[in-house]
Protein chains: 2
Amino acid sequence: MRILIIEDDRRTSEYVVKGLSEAGHLAEALADGRDALVHATHTPYDVLVVDRMLPGLDGLSLVRALRASGVQTPAIFLTSIGGVDDRVDGLEAGGDDYLVKPFAFSELLARVNALGRRPAVQAEKTVLRVADLELDMARRTVKRGGQKIDLQPREFTLLEVLMRNEGRVVTRTMLLERVWDFHFDPKTSVVETHISRLRAKIDKPFEVALLHTVRSTGYSIHAPL
Amino acid sequence: MRILIIEDDRRTSEYVVKGLSEAGHLAEALADGRDALVHATHTPYDVLVVDRMLPGLDGLSLVRALRASGVQTPAIFLTSIGGVDDRVDGLEAGGDDYLVKPFAFSELLARVNALGRRPAVQAEKTVLRVADLELDMARRTVKRGGQKIDLQPREFTLLEVLMRNEGRVVTRTMLLERVWDFHFDPKTSVVETHISRLRAKIDKPFEVALLHTVRSTGYSIHAPL
DNA sequence: GGGACCCCATGCGTATTCTCATCATCGAAG
DNA sequence: CTTCGATGATGAGAATACGCATGGGGTCCC
């Protein structure tokens, strides 16, 4: 299992990396919150172990930022801040578990394993679903109400990004970045064009629309109401 | 958060301004180093994003000059010069962070948020609340007492600015700047018009009003009492 | 060389915003 | 308490910006 430890205390992080490695996992450590944000976004880890107090970007904000950008990797907070409210904050920020220092390594291992197993659920999550629309990452297929729909690659990625952010508005800028890997505004209507084509396939032939435009901002996909 | 981008490549700067604005910040751009020196000295920005290669005055000298004159505004260098030594130069000149082009917008956003003294939390927090009125930035939705309310984009931004300043009076000038990006008085009643419309939606249908007029000054939103 | 796919330019229809004129309200002064 | 000037509210129409659809041409790959 691939695990990222974000912890600025060198001793702790080495200890944890060593322990997890011995248990057969692939563990890496980072000390800075901002670096971690980048890595965790671009690399498919199975579990994150996050210290709350970090240089660069604190752990809470880190996890919040990850969740906000659609990264669902399970995260365990590992910290000396252990009050009830702190736990609540941690979980509300999108953490999955909370372990207070000092901790027993065996307990950390157990929890990491437990969380890592969950991706079994997430691994099946190659299928994204919004209302009666489903997108199968593995098969690269899309269906709506059992009806198979053919999408072109761009359209597929576009839909994927939208579905991963169900309910949230995805701005044009975000789309350009995630779907096109453009880091500037092309000043043309690429996005609109593809949205239009996508719509024609996933919404037009059906009763209710799932893909909504949010004028002056972007688009959002979500079940009716 | 108030952010100044100093970048001579038009495309990049427009892109960054747009992205940051979408993320709820107040972003402005300048292309010339000398202009930037003047502005950054006289205006209280929260973060500066500085290209290294600039006409007028290069980025390194710009930041050095600012620091020399006592301006402590955090600065992120944004540039294609990315060697280790260059990073060191940047940080020694008084920069706080260093991002190499091409860059992912989401990373820039994360770093900008991290640098802004009020850490990421503010930008990542997607739900603003005042009494029973809530505004969800990510979903672009507004509810009062569980009741969904449809707002037009302008109205939405207007409400957002007001809610971010809960309890404080927001002057007309501030509204013109943050909502309309007007840096002068349009001599018309744009603000009043939109306040009126906003009121009709968020206050009129309910018992108590949250949005209050402060005569001859501006408006303020806050819970009753 | 042919096909699939993707990007761009264009024109159109409409949602949204602005302007302007009028009306209401407020507060100070008489 | 009334009046008057200043300030704010409101509604309707005009102006605008925005998003949508569509076809053509370019490019890449088979």
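Here is how names work: the chains are called A, B, and so on, in the same order as the sequence lines, proteins then strands, and each is numbered from 1.
With rounding to whole Å, B/His212 atom NE2 is found 16 Å from D/dG8 atom C1'. Rounded to an integer number of Å, the gap from CD1 of A/Ile195 to C1' of C/dC8 is 17 Å. Rounded to whole Å, the distance from CD on B/Glu155 to P on C/dA15 is 15 Å. We find that NE2 of B/His194 is positioned 16 Å from P of D/dA12, with the value rounded to whole Å. When rounded to the nearest whole Å, the span between CG of B/Asp181 and C1' of C/dT17 equals 16 Å. One atom, CG of B/Asp203, and another, P of D/dA9, lie 12 Å apart when rounded to the nearest Å. When the P atom of C/dC6 is taken as reference, atom CG of A/Leu175 falls 15 Å away, rounded to whole Å. Rounded to an integer number of Å, the gap from B/Leu198 CG to C/dT16 P is 15 Å.
A/Phe156 comes within 4.0 angstrom of nothing in the nucleic acid, heavy atoms only. Residue contacts shown for B/Lys187 are absent, as no nucleic acid heavy atom lies under 4.0 Å away. Nucleic acid contact for A/Arg197: base, since at least one base atom lies under 4.0 Å from a heavy atom of the residue. Within the nucleic acid shown, B/Tyr219 comes within 4.0 Å of sugar-phosphate atoms alone, with no base atom in reach, counting heavy atoms only.
Looking at the side chain of B/Arg215, the nearest of the listed nucleotides C/dT17, D/dA6, C/dT19 is D/dA6. Looking at the side chain of B/Glu192, the nearest of the listed nucleotides C/dA9, D/dT10, C/dC18 is D/dT10. Checking D/dC20, D/dA21, D/dT10 against every side-chain atom of A/Thr213, the shortest atom distance belongs to D/dC20. Distance from the side chain of A/Ser196 is smallest to D/dA21 among D/dA21, C/dC6, D/dA9. Checking D/dA21, C/dC8, D/dC20 against the side-chain heavy atoms of A/Val190 singles out C/dC8 as nearest. Comparing D/dC20, D/dT22, D/dG8 by their closest approach to the side chain of A/Thr193 singles out D/dT22.
Test B/Lys148, B/Arg144, B/Arg129 against B/Glu134 for salt bridge (Lys or Arg N to Asp or Glu O under 4.0 Å) and you get one pass: B/Arg129.
Residues from residues 147-154 of chain A lying near DNA chain C, meaning a heavy-atom separation below 4.0 Å, are A/Gln152, A/Pro153, A/Arg154 in numerical order.
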>> Before you tell me yes or no, could you show the steps for B/Leu20 and B/Ile5 under side-chain contact (heavy atoms from CB on, under 4.5 Å), namely the whole-Å CA-CA distance, both residues' side-chain angles and the distance that decides it to 0.1 Å?
In response: CA-CA 10 Å; B/Leu20 289 173; B/Ile5 293 95; 3.9 Å; yes

> Hey, mind stepping through A/Val63 and A/Leu48 against side-chain contact (heavy atoms from CB on, under 4.5 Å) and telling me if it holds?
Replying inline: CA-CA 9 Å; A/Val63 172; A/Leu48 307 175; 5.8 Å; no

> What's the verdict on side-chain contact (heavy atoms from CB on, under 4.5 Å) for B/Asn165 and B/Arg178, showing C-alpha distance, side-chain angles and the deciding distance?
Replying inline: CA-CA 12 Å; B/Asn165 289 281; B/Arg178 304 213 179 156; 4.0 Å; yes

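In this structure, B/Ser189 and A/Val214 both approach DNA chain D, and ranking their closest nucleotides by distance from the 5' end singles out B/Ser189.
Using the six-membered ring where Trp is involved, B/His194 and B/Trp180 have ring planes that are perpendicular, over 60° apart on the 30 and 60° scheme.
The local environment of CZ in B/Arg10 is sparse, with at most 12 non-hydrogen atoms from other residues, nucleotides or ligands closer than 6.0 Å. No more than 12 heavy atoms of other residues, nucleotides or ligands lie within 6.0 Å of NZ in A/Lys143, so this atom counts as exposed by the packing criterion.
Between the B/Asp58 side chain and the B/Ser61 main chain, a donor and an acceptor come within less than 3.5 Å of each other.
Under 4.0 angstrom from either OP1 or OP2 of C/dC7 there lies at least one side-chain N or O belonging to A/Trp180.
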